[in-house]
Every structure is written in structure tokens, then in C-alpha cells.
Number of protein chains: 2
Amino acid sequence: MDVLDPRRVLIFRAVARAGSISAAARDLGWTQPAVSQHLARLEREVGGPLLLRGPSGVRPTEAGTALLRRADVIAAELHAAGEELADLAQLRGGRVRLVAFPSAAATLVPTALGDLARERPGLEVGLEEAEPPEAMAAVLAGDADLALVFGYDGPPEGRGVLEWRPVLEEPVHLVLPAGDRAVAGLAELSDAEWIGGCVRCRAHLVACCEAAGFEPAIRHVTDDYVVVQNLVAAGLGVSVLPASALEAHRAPGVRSVELPGLGRRRVGLVFRPGADGVPATAAVAAALAAAAR
Amino acid sequence: MDVLDPRRVLIFRAVARAGSISAAARDLGWTQPAVSQHLARLEREVGGPLLLRGPSGVRPTEAGTALLRRADVIAAELHAAGEELADLAQLRGGRVRLVAFPSAAATLVPTALGDLARERPGLEVGLEEAEPPEAMAAVLAGDADLALVFGYDGPPEGRGVLEWRPVLEEPVHLVLPAGDRAVAGLAELSDAEWIGGCVRCRAHLVACCEAAGFEPAIRHVTDDYVVVQNLVAAGLGVSVLPASALEAHRAPGVRSVELPGLGRRRVGLVFRPGADGVPATAAVAAALAAAAR
DNA sequence: TCCATGACCCAAGCATCGCTTATGGGGCGT
DNA sequence: ACGCCCCATAAGCGATGCTTGGGTCATGGA
């Protein structure tokens with residue numbers, strides 16, 4: 001005997017509880033011989049009878065009562081698992097670990113999670129802030145389920161295998177003090193002093209300026225878009241910010257202008273392949289996509 | 001979805017524990033697609049992925065870890081059930097409730113149970129004394145597994161369905177004071193005073209005497225064969241006793257003679273149909289049969 | 001760069017498992 | 001004595017489920 005077939009154990013339980021093979025067969029929607037055969041086979045594997053057949057039903061032997069106790073546990077556990085999984089599938093429960101870059105965490109994420117909390121009270125979403133590379137690493141390592149990241153030219157190239165789902169694409173604006181003269185092209189600012197953002201943002205700024213024929217003089221560096229705007233308003237330099245950062249906060253004393261030469265920023269989600277099949281993760285992704293438009 | 005198929009749950013567990021579908025397939029002695037198909041079907045029933053497939057194996061989702069916990073309980077319970085039933089099948093455990101009539105309980109049963117306790121230390125046998133009708137009723141009611149009973153002409157007729165297994169057949173002896181004259185037939189004792197045993201024994205005595213042409217005068221009644229012999233030795237009457245009662249105890253001052261007219265007593269076991277398939281019960285039955293010869 | 005390896009999935013074939021139908025025995029009630 | 005309700009067995013056939021033989025993708029070494 002290899003090991004007990006759990007299906008037969010449950011069939012045995014149905015018989016023991018129903019009190020007769022025929023009654024169990026009716027309960028199971030089968031015919032009587034089907035149940036009888038399963039039982040006979042189980043008893044052969046076990047090495048002795050589990051039920052004594054009487055004229056009016058069956059009565060468990062000592063082995064039968066022992067097995068019945070175990071079978072009850074198994075059935076209960078199986079039922080509980082079904083409930084638990086149904087809860088997860090129907091979004092009555094579940095936990096999603098979301099990582100997002102700071103400006104998204106300030107704008108897009110709160111509205112999305114607000115909607116979600118209202119519609120799916122059982123769903124827990126844990127938010128952590130991180131820049132795209134760290135965010136993707138967290139997903140890859142299994143420390144997060146979903147990462148909201150951005151890239152300036154196409155999706156951010158990730159080591160390893162992660163799926164990408166675009167959420168939002170936006171222009172990058174030039175940010176100037178409110179009183180400055182009109183600017184038509186990036187080249188006009190070759191002598192300006194610049195305020196740089198995060199590492200990748202600075203790299204993009206440098207690339208755009210080089211395409212326009214100069215190397216920008218970066219004096220100040222901050223990845224906080226409120227600080228950027230305040231520095232610009234104070235006349236300490238010019239900068240670039242994606243449209244959503246300007247929507248989230250607009251300091252008095254700054255002016256923004258969309259320049260094609262600054263390219264566009266693509267925001268999207270990355271996750272482990274197949275994770276979009278997980279209901280909870282899919283729901284969070286959908287809520288973020290909905291909040292983006 | 002009806003309910004989770006426990007087999008698939010265990011297959012899922014094998015995969016989660018092995019860390020990859022292929023490894024689980026090797027463990028199970030199957031090919032990889034077989035396991036893959038089971039898993040896919042389980043996930044379809046569950047309504048979402050349980051494992052995220054990566055390039056080097058799988059990693060459980062939230063639903064997967066939830067199911068894994070349940071699956072571990074199920075597997076443990078199944079394994080424990082297997083052990084438990086194997087113990088019962090191989091007589092390392094088990095309990096048998098035996099009912100026996102008094103004179104057997106005094107002779108045959110102790111030797112049988114002694115042998116059994118030596119050979120099968122795990123086997124517990126509970127003994128209770130009862131006259132055949134009560135003993136059979138106990139078996140029928142499920143209060144006992146095995147009854148050692150006797151009948152004077154064939155097996156005792158039992159209401160209900162019980163199986164009969166003969167154990168021993170013995171002559172019934174006439175019991176006389178040691179000094180009495182020789183007796184060749186029952187009819188010579190038509191004027192004697194009689195000592196009667198249990199209800200059924202008295203009925204048998206009366207039937208035998210009637211066949212010999214007289215009705216016995218029963219003066220004393222006891223179902224204790226030691227008391228019977230002492231009364232006979234004291235000259236207070238004559239009696240009949242089965243051979244085994246005389247083997248168990250022989251009072252000085254009594255003489256016994258085998259008379260064909262007294263018939264024979266049949267000792268045997270009764271049990272619920274199929275109960276002889278239960279290893280523990282069969283072992284007790286076998287030990288009793290062995291002790292009888 | 002290219003191949004070898006190991007993971008997984010998909011499609012198709014076929015054997016086996018397992019359910020059904022059909023039949024028969026046995027006990028119990030009317 | 002008949003009918004009903006237990007159960008077991010045998011035979012047949014359909015569906016489940018395992019295998020074989022493809023193919024994709026990512027990783028690691030030559």
C-alpha cells in the first residue's frame with residue numbers, strides 16, 4: 001500500500017455519516033455500486049474492514065472510527081481552504097504589497113487606494129515608496145507584488161523577467177520663474193543654471209540637453225518636486241518636471257512650458273509574470289490604471 | 001466550483017514543497033506535463049494562480065501559501081491515518097470487547113488471552129461475563145465484538161444476524177456422589193433429586209429426562225459448577241455438567257459418567273457478519289480456537 | 001555569440017480508472 | 001409470501017488523466 005487515496009477517504013466519510021452505502025451514493029449523486037467499489041478498494045488497501053454491513057446500513061469498526069476522526073479533519077480543512085480561496089478570488093480578502101515612486105505615491109496612488117478601499121473593504125494594500133530600480137528589485141526578490149515605475153524612453157529596462165503594463169504617458173515640462181521671458185527651445189537655456197532631480201531624471205535631462213547641443217550646468221539636486229519649484233521660484237535655476245508633478249503641486253511664482261525636446265515620461269506597472277492573474281493584484285493594477293485617466 | 005479535489009491539493013503541495021513542477025513530477029514518478037495539468041486545473045477551479053512560474057521554479061502566491069498551510073494539515077492527517085490503520089491491521093494495536101459465559105471465562109479464556117498478550121502486546125482485550133442470550137444481545141447491539149456462547153443442540157438460535165464459528169464440542173456428564181452405585185442410563189435416576197444449573201442448562205436437563213421418560217425433581221439451583229459439585233459431594237442430589245466444567249474443577253467426593261442420553265454441548269463464537277475480517281477480532285477468535293484444543 | 005540546459009506550456013493519443021447498468025443474495029416488514 | 005431495502009459482483013464503456021512529442025523562454029558556460 002502506497003498511501004491512502006484522499007478521495008476514497010472522503011467517500012468513506014460520506015458513507016459513515018450517511019449510515020449506509022446507498023444513502024451516501026444518493027448524497028454524492030452516484031449509484032450504489034460506485035460507492036461500494038470505492039469502499040471495497042479502500043478496505044483492501046487498509047487491510048481490514050472499516051464498516052460492518054448490516055441489514056439496515058453500516059456501522060464503523062474500530063479502524064473505521066479511527067479513520068473517521070481523521071477524515072473529519074481532512075474534510076474540514078478542505079472546506080476551509082475552499083472558503084479561504086474563494087474569499088481571495090472574490091476580493092473579500094487579500095493583501096497586495098505595492099511599491100511606487102514618490103510623486104506617484106503622492107498623487108495617483110492615494111486616489112486609487114481610496115477608491116479600492118471603498119469598493120473592496122477586505123483588500124489590504126501596503127504601500128512603500130522607492131525609486132524604479134529599487135522597486136523593480138523588490139518585485140523580483142518577492143518582497144513586493146506590484147511596482148509603479150517610470151521610464152523616459154520606453155519602459156525601464158529591468159534585469160530579469162518582469163511584465164510591464166503602461167499606465168500613463170505624460171509630457172515633461174520646462175519649469176521657469178514666472179517672470180522669465182518666453183522660451184521656444186531648449187538650446188536657449190544653454191547658459192542657465194539647472195536644478196536636477198533623481199538620478200535617472202538627471203540622466204534624461206543631460207541627454208535632452210546634449211541632443212540640443214549643450215551640457216547643462218546642474219547646481220542643485222533634489223528629487224522633491226515641491227523643492228524644485230520653490231528653488232525655481234526663488235530664481236535659483238530652471239528645471240524640468242513631468243506634468244503630473246506640476247498637477248500635484250503648483251508653486252506660485254513658477255511657469256511651465258511643454259517642450260517637445262524634453263520627451264515624454266512613461267509610467268507603468270511591473271510585476272512578476274502571471275501576477276496579473278492574481279485577483280487582488282489585478283484589482284490594484286486596475287484601480288491604478290483607472291485613477292490615471 | 002463544487003469542492004476542491006483533495007488529490008490535486010496534495011499534488012499542489014508536492015509542487016510547492018519541491019520548488020518546481022518538474023521536481024515534483026520526479027518525486028511523484030510522473031512526467032512534468034501530468035503535474036502541470038493538475039495544477040492548471042486546480043488553479044482554474046480556485047479562480048486564480050496558486051504559484052507564479054519563474055525561470056527557476058515556482059513561488060507560491062498569497063492563495064498558494066494559504067492553501068499550502070491547509071494542505072500540510074491534510075497530508076499529515078492522511079499519513080497519521082495510514083499509520084494508525086497499519087497498526088490496527090498488523091495487530092500492533094486494537095481493542096476487542098469479548099463476552100464469555102462464566103465457565104469459559106474461567107478456563108478457556110484466560111489461557112487464550114494469556115497467549116495473546118504474550119504474542120500481541122498491543123492488543124487490548126476487554127472481557128465481560130454473560131450468559132449466551134445476553135452475550136449475543138451485546139454483540140447485536142454493538143456493545144461487544146465477540147461472544148463466546150454455547151448451545152446444547154446445535155448453535156444457540158439467535159434473533160438477528162450473527163455469524164457462528166464452532167470452537168469446541170464436548171459431552172455432558174452425569175455427576176454423582178463418589179460412593180453411588182454404577183449407573184447405565186438416565187432412567188435409573190427418575191427418583192433422584194437434581195441440582196440444576198443456569199436456565200438453559202435446566203431446560204436441557206429437563207428435555208433429556210423427558211426423553212428418558214420422567215420429569216426430574218430439581219431441588220437446588222446454581223450456575224456455579226464448583227457449588228454444583230460440592231452439593232453433589234454432600235449427597236444433596238445429582239447433576240449434569242459439561243466435560244470442561246469438570247476439567248476446570250473436580251471436587252473430591254464426586255464421580256462423573258458420560259451418558260449418551262445427555263447429549264453434547266457446543267461452544268462457539270458469535271460475531272457480526274464480517275467482523276472476522278477485522279484483524280484484532282480474528283486474532284482473538286483464533287486464540288480462543290487454539291486454546292480449545 | 002552560440003549552444004546546452006532546465007524550466008514551463010500546448011496538443012494529441014491512448015490506456016486505465018471509475019461510473020453505470022444489470023443481476024443476484026439476504027434480512028425485514030407487511 | 002411478497003415487496004422493499006440493504007449490499008456485492010460482473011461486464012461494458014466513457015471520461016479522466018498520463019504520456020509522448022513538440023515549442024518558447026531565460027540562464028549559464030564555452
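Letters go in sequence order (proteins before strands), and every chain restarts at 1. Please read all numbers here as calculations on a predicted model, not as lab measurements. Worth knowing before you read on, the calculation uses all heavy atoms, side chains too, and leaves out hydrogens, waters and symmetry mates.
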Check: residues 71-98 of chain A side-chain donor-acceptor pairs under 3.5 Å, at least two apart:
residue, atom, partner, partner atom, Å
A:Asp72, OD1, A:Arg13, NE, 2.6
A:Glu77, OE2, B:Arg70, NH1, 3.1
A:Glu84, OE1, B:Arg70, NE, 2.9
A:Glu84, OE1, B:Arg70, NH2, 3.1
A:Asp87, OD1, A:Arg92, NE, 2.8
A:Asp87, OD1, A:Arg92, NH2, 2.9
A:Gln90, OE1, A:Arg92, NH1, 2.7
A:Gln90, OE1, A:Arg92, NH2, 3.4
A:Arg95, NH1, A:Glu124, OE1, 3.2
A:Arg97, NE, A:Asp145, OD2, 3.2
A:Arg97, NH1, A:Gly142, O, 3.2
A:Arg97, NH2, A:Gly142, O, 3.3
A:Arg97, NH2, A:Asp145, OD1, 3.0

Mutual orientation of the aromatic rings belonging to A:Phe150 and A:Phe101 [parallel < 30°, tilted 30-60°, perpendicular > 60°]: perpendicular
Which whole-number value in Å describes the distance from A:Glu43 CD to D:dC7 C1'? 12 Å
List for me each residue that meets side-chain contact (heavy atoms from CB on, under 4.5 Å) alongside B:Val199, sequence neighbours excluded, and say none if there are none. B:Arg202
B:Ile21 CD1 to C:dC10 P: how many Å, rounded? 11 Å
Send over the distance from A:Arg26 CZ to D:dC5 P, rounded to a whole Å. 9 Å
Please identify each residue that fulfils side-chain contact (heavy atoms from CB on, under 4.5 Å) with B:Arg59, with sequence neighbours left out. A:Arg272
If the condition is side-chain contact (heavy atoms from CB on, under 4.5 Å), which residues does A:Pro55 pass it with, not counting sequence neighbours? B:Val161
Under the rule for side-chain contact (heavy atoms from CB on, under 4.5 Å), what residues qualify as partners of A:Pro166, not counting sequence neighbours? A:Trp164
Atom CD of A:Glu163 and atom P of D:dA26: how far apart are they, to the nearest Å? 11 Å
A:Arg272 CZ to C:dC8 C1', straight-line distance once rounded to whole Å: 15 Å
Base-contact (B) and sugar-phosphate-only (S) positions in nucleotides 13-19 of chain D, heavy-atom cut-off under 4.0 Å, - elsewhere: ----SBB
Does B:Ser22 put a side-chain nitrogen or oxygen below 4.0 Å from OP1 or OP2 of C:dC8? yes
Between atom CD in A:Glu45 and atom C1' in C:dC17, what is the gap in whole Å? 13 Å
Any side-chain N or O of B:Arg53 under 4.0 Å from OP1/OP2 of C:dA7? no
Between C:dC10 atom C1' and B:Arg44 atom CZ, what is the distance in whole Å? 14 Å
